[in-house]
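Data block below; observations after.
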Amino acid sequence: MKKLFFLLLIIANSVTAQNVDSLFVSANNLYKNGKFSDAIEFYKKIEAKELVSSELYYNLGNSYYKLNKVGPAIYYYEKALLLDPLNADVKNNLVFAKRLALDNIEELPKTVLQKFKINYLQKLSYNQWAIVVVLFSILGSFLFLMFYFADGPAKKRFYFTTSIVSFLFLITSLFITYNQYNFAINNKEAVVFAEKTKVRNAPTLNSEEIFMLHEGTKIIVLDDVDEWNKVKIKDGRLGWIHAEDIKLLSDF
């Protein structure tokens, strides 16, 4: 009975994978033929199945960009980078998409430590850093076993030293993973989807408007109250924005 269950599960997964591949090929063909709206519908069907990838988000971003829909284009490019932060094609297209955004917000100067985190540590997501942790744990364990079974003081000294170095890298990468995870859940990134939206000084409609944001602007969501989100933009300004005018990049 168990064998039959697993066989049916394998068949079901195989059929699902074939359907997704078929949808992806059809969507790509529609995109090549300039039918960008139709291509988006097919890509969205794959997204609805939760079988997402950096390539899927990249293609969605390209499709929206061709339709001059700045907000969705930037949103999906950013989603693609969350899954693959080193994807040069996505980064390049995101630069072009951001040029279409109306808001020109100057970023606050960064400290040396902040620049180091952005340029190096945040090149990988916390999931990718977790993989690094696993790799160093395997390497450290292997080297320690080699030390245990090695004959001769020179070999023992070599394997002991390299295993200690590996475990130090393990602890360091674990610390980075923890910090990256905390950063991700405490700094929820979002993109403005509304053509334009008012940012207020309190989470009410009759509160004072302090500035305006337009489609495609990336923001940080700090808090939420009912249908309002407290947001921060890259120049440090804070305010409250209606939740339906933005779209979160992650599910945290």
Side-chain angles (χ1 to χ4, degrees), residues 2-3 5-6 9-10 12-14 16-17 20-21 46-47 49-58 61 76-94 107-190 218 220-222 232 234 248-252:
K2 288 183 179 180
K3 290 182 179 179
F5 172 77
F6 284 118
L9 185 63
I10 292 170
N13 288 336
S14 176
T16 301
V20 169
D21 289 341
I46 300 173
E47 185 184 25
K49 296 176 183 291
E50 298 183 353
L51 296 171
V52 298
S53 64
S54 180
E55 290 76 16
L56 174 66
Y57 288 143
Y58 174 61
Y76 280 108
Y77 286 144
E78 293 282 4
K79 292 277 282 185
L81 283 179
L82 285 177
L83 295 180
D84 185 6
L86 303 178
N87 193 316
D89 291 332
V90 177
K91 288 181 180 179
N92 185 58
N93 285 15
L94 180 58
E107 197 168 358
L108 286 174
K110 290 183 170 56
T111 65
V112 174
L113 181 59
Q114 287 174 324
K115 288 179 180 178
F116 177 78
K117 288 179 68 175
I118 292 170
N119 293 331
Y120 297 99
L121 302 186
Q122 291 179 4
K123 289 294 183 182
L124 300 179
S125 67
Y126 67 87
N127 280 325
Q128 290 169 320
W129 274 112
I131 294 172
V132 174
V133 172
V134 173
L135 292 176
F136 274 123
S137 65
I138 294 172
L139 178 62
S141 300
F142 172 77
L143 290 170
F144 186 78
L145 285 174
M146 293 298 291
F147 157 75
Y148 184 81
F149 291 108
D151 52 350
K155 286 185 178 180
K156 280 187 174 293
R157 191 180 305 112
F158 172 78
Y159 287 124
F160 180 78
T161 303
T162 52
S163 66
I164 292 298
V165 171
S166 295
F167 282 120
L168 287 175
F169 277 117
L170 165 64
I171 294 169
T172 302
S173 55
L174 183 61
F175 177 76
I176 294 171
T177 304
Y178 178 76
N179 276 280
Q180 289 291 88
Y181 177 77
N182 277 340
F183 179 84
I185 62 175
N186 293 323
N187 294 269
K188 301 176 183 178
E189 295 179 320
K218 190 177 178 182
I220 301 293
V221 177
L222 303 175
K232 180 180 180 181
K234 63 182 180 180
L248 291 171
L249 287 169
S250 65
D251 298 326
F252 286 112

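Side-chain atoms are counted along with the backbone in the values below, which use heavy atoms only and exclude waters and symmetry mates. Being a predicted model, the structure only gives us computed values, none of them experimental.
In this structure, Leu56 and Ile46 approach most closely via the heavy-atom pair CD2-CG2, 3.9 Å. Between Ser125 and Leu82 the shortest heavy-atom distance is CB-O, 3.9 Å. For the pair Pro85 and Gln128, the tightest heavy-atom approach, listed with the atom from each and the gap, is CD-OE1, 3.3 Å. Taking all atoms of both residues into account, the shortest heavy-atom contact from Ser163 to Gly140 is CB-O, 3.9 Å. Contact between Leu83 and Ser53 at its shortest, heavy atoms only, is CD1-C, 3.5 Å. Residue Leu249 comes nearest to Lys218 through the heavy atom pair CD1-CE, 4.1 Å, listed as atom of the first residue, atom of the second, then distance.
At least one donor-acceptor pair under 3.5 Å links the side chain of Ser54 to the backbone N or O of Ala80. A donor-acceptor contact shorter than 3.5 Å links the side chain of Asn179 to the backbone of Phe175.
Gln122 places a side-chain heavy atom less than 4.5 Å from the side chain of Phe183. Taking 4.5 Å as the limit, some side-chain heavy atom of Asp151 sits within range of a side-chain heavy atom of Lys155. By the 4.5 Å heavy-atom criterion applied to side chains, Glu47 and Tyr76 are counted as neighbours. In this structure the side chain of Phe167 reaches within 4.5 angstrom of the side chain of Leu170, judged on heavy atoms. Using a 4.5 Å heavy-atom cutoff, the side chains of Asn93 and Tyr58 are in contact. Side-chain contact between Leu94 and Lys91 is absent, with no heavy atoms from C-beta onward closer than 4.5 Å.
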* Just do the side-chain contact (heavy atoms from CB on, under 4.5 Å) check on Leu86 and Lys123 with the steps written out, would you? => CA-CA 7 Å; Leu86 303 178; Lys123 289 294 183 182; 4.0 Å; yes
* To do: Dump the intermediate steps for side-chain contact (heavy atoms from CB on, under 4.5 Å) on Asp84 and Val90, then the final yes or no.
  => CA-CA 9 Å; Asp84 185 6; Val90 177; over 6 Å; no
* To do: May I have the step-by-step check of side-chain contact (heavy atoms from CB on, under 4.5 Å) for Ile171 and Phe136, ending in yes or no?
  => CA-CA 9 Å; Ile171 294 169; Phe136 274 123; over 6 Å; no
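Atom OG1 in Thr172 sits 9.0 Å away from atom CH2 in Trp129 (nearest 0.5 Å). From Tyr181, atom OH reaches atom CG of Asn127 across 10.0 Å, with rounding to the nearest 0.5 Å. In this structure, OG1 in Thr162 is found 9.5 Å from CE in Met146, a value given to the nearest 0.5 Å. Taking OG from Ser173 and CD1 from Ile131, the interatomic distance works out to 12.0 Å, rounded to the nearest 0.5 Å. The distance from atom NZ of Lys79 to atom OH of Tyr57, rounded to the nearest 0.5 Å, is 4.0 Å.
Shown here are the side-chain hydrogen bond (donor to acceptor under 3.5 Å, both in side chains) partners of Lys117, two or more places apart in sequence or in another chain: there are none.
If you look at Tyr159 and Phe147, their ring centroids are not closer than 6.0 Å.
The side-chain contact (heavy atoms from CB on, under 4.5 Å) test with Ser166 singles out one residue from Leu135, Ile138, Leu139, and that residue is Leu139.
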